Number of protein chains: 2
Amino acid sequence: MVKSIHLQTLLELLLLGAKEGPVKLSTMDLAKKIGKSQQAASKHLSELEQHRFLERMVESNDSYVKLTRKGVDAMAELHSVLTTALEKKHRIREISGTLFTGLGEGAYYVALPGYRRQFISNLGFDPFPGTLNLRLISKIDRSLRRDLEHRAGISIEGFDDGERTYGRAKCFRSTVNNKVKGAVLAVERTHYDDSVLEVIAHENIRSVLKVSDGDMISVRIDIS
Amino acid sequence: MVKSIHLQTLLELLLLGAKEGPVKLSTMDLAKKIGKSQQAASKHLSELEQHRFLERMVESNDSYVKLTRKGVDAMAELHSVLTTALEKKHRIREISGTLFTGLGEGAYYVALPGYRRQFISNLGFDPFPGTLNLRLISKIDRSLRRDLEHRAGISIEGFDDGERTYGRAKCFRSTVNNKVKGAVLAVERTHYDDSVLEVIAHENIRSVLKVSDGDMISVRIDIS
DNA sequence: ATTACTATCTACCGAGTAG
DNA sequence: TCTACTCGGTAGATAGTAA
């Protein structure tokens, strides 16, 4: 593999057009371009030549350099990795917190037909009547939790059952402890603050994972 | 500017999604990814932090890293330069040779109406009746000269004047000694071999540049 | 003018280890 | 566990200079 110290040199050679044909280049010219000494440039060229990233030809007093297929490929590979890395959308967040027992309001809301129907149609599962409540300790986790508010997520509309109105909410598909699939709830004007994460799932997460209050739980959240 | 030794680390951070938000990353994790020791990873992170390419947050035992705007920009800049360098078509060749006097055949052919009309319409100038002949000394120059044969260039069709037929040729826009614009001729089945380069121009190049036999002349050739 | 050797100096790395 | 220090070894850089 190409050494990182040689990337500058390969880049300059590309810019000079050394992938098309031999380019006239003295070690002094290269030195100026890479901001190193003539001796360093000489060494870089000879090392790159040794590893077949380039070929050199000497014609009386002039030296010519041409990138080999291997040299161009190495740079193309770097370009491709960079493209991937820069364009990649990271859709996964991981948040950890300790399990605690809420006031039971979660269970009440989740079971309401107005919400439940939407969970079934939008998430594809009928939620277990109850939420898993995690207390977020670290600043990082709380900041990640707050960040969810600014993302679209899967929308759950508010409704009116004739007696009172129920607010909007949104959720994000999630996996608890890398095992149980479900969704994280982000309720507007929630009764909890940013230190709480509520998770719903088709199953009873507590019993499936055999966890109880105080246990540390991690949730992978798909924010796409 | 970012040091080349740190590119690996920045690249790994990008791949981990550290441009979107804080990513949990220990110095040991990073060490594995970049194939260096934990101590080296630690130093890389602290140097990058010092130069504001990234921010770090420590939460009890966990360390989180997030690329700054500057860090992402540095990588985006590299990506953009790489894109340019890889896509750039280098359309210019430079060939040098020593001036010599030919047999005068060049003047005869260039002045023939069948060719002259095409020079005027395809090149946009009425050529001086005579060619500038350069003797190519170095292997590099001769190989560049031969390479012209494989390129399209500007086509000059052959013709028949009733007495005999005149062959096809092609030419490439060129600049002699960085001053006089004209064109290099590549005649099919030429009477010269690959050690000769023929240049035509509207002006008399010898008198405009005040050059004479034996002088070293350089020609920039547009091969697009 | 070149390129590239030797000698010297600096920066980087890894081992050990403290906090 | 974790991060990051010191320190000794080595790779990389420069200066001087030969060819």
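Computed from a prediction, not measured in an experiment: that's the story for all the values here. Computation of the quantities below employed the complete heavy-atom set of this structure, encompassing side-chain atoms and omitting hydrogens, waters and symmetry-equivalent molecules. Here is the naming used below: chain letters follow the sequence lines, and residue numbers restart at 1 for every chain.
Across all non-hydrogen atoms, the minimal contact from B/Tyr64 to B/Pro22 is CB-CB, 4.1 Å. Heavy atoms only, all atoms of each residue included: B/Gly21 and B/Lys66 are closest at C-CG, 4.0 Å. When all heavy atoms of A/Gly106 and A/Glu198 are compared, the pair lying nearest together is CA-OE2, 4.3 Å. The nearest pair of heavy atoms linking B/Ala183 to B/Phe125 is N-CZ, 4.1 Å.
Nucleotides of DNA chain D lying under 4.0 Å from heavy atoms of chain A occupy a range whose first and last members, 5' to 3', are D/dG12 to D/dG16.
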Show me, pair by pair, the donor-acceptor contacts under 3.5 angstrom made by side chains of residues 7-18 of chain B, not counting sequence neighbours?
from: B/Gln8; atom 1: NE2; to: B/Ile34; atom 2: O; distance (Å): 3.4
from: B/Thr9; atom 1: OG1; to: B/His44; atom 2: ND1; distance (Å): 3.4

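Here the side chains of A/Arg151 and A/Phe172 are in contact, with some heavy-atom distance below 4.5 Å. In this structure, B/Phe100 and B/Asp215 have side chains that are not in contact, with every pair of non-hydrogen atoms separated by 4.5 Å or more. Proximity of A/Thr101 to A/Asn133: side-chain heavy atoms (C-beta onward) are nowhere separated by under 4.5 Å. Looking at heavy atoms from C-beta onward, A/Arg173 lies in side-chain contact with A/Leu123 at the 4.5 angstrom threshold.
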Query - Steps toward salt bridge (charged side-chain N to carboxylate O under 4.0 Å, His left out) verdict (A/Asp213, A/Arg206) - result: CA-CA 9 Å; A/Asp213 281 6; A/Arg206 279 184 183 252; 2.8 Å; yes
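Rotation axes derived from the C1' atoms of the five outermost pairs at either end of the helix from C/dT2-D/dA19 to C/dG19-D/dC2 lie 40° apart, to the nearest 10°.
Contacts between residues 7-14 of chain A and DNA chain C, defined by a heavy-atom separation below 4.0 Å, involve no residue at all.
In this structure a side-chain-to-backbone donor-acceptor pair under 3.5 Å is missing from B/Ser155 to B/Lys170. Of the possible donor and acceptor atoms, none in the side chain of A/Lys70 sits under 3.5 Å from a partner among the backbone N and O of A/Leu54.
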Could you write out each protein N or O paired with an N or O of nucleotides 9-12 of chain C at a distance under 3.5 Å?
from: C/dC12; atom 1: OP1; to: B/Lys3; atom 2: NZ; distance (Å): 2.3
from: C/dC12; atom 1: OP2; to: B/Lys3; atom 2: NZ; distance (Å): 3.4

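With values rounded to the nearest 0.5 angstrom, B/Phe53 atom CZ is found 10.5 Å from B/Leu67 atom CG. With values rounded to the nearest 0.5 angstrom, B/Glu47 atom CD is found 5.5 Å from B/Lys3 atom NZ.
Side-chain contact of A/Arg93 with A/Ser174: a donor-acceptor pair under 3.5 Å is absent, judged by distance alone.
Backbone-only engagement by B/Ala40 is indicated by non-hydrogen atom pairs under 4.0 Å involving sugar-phosphate atoms exclusively.
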Report summary line: Letter by letter from the 5' end, nucleotides 1-7 of chain C scores (B base, S sugar-phosphate only, - none; protein heavy atoms under 4.0 Å) --BBB--
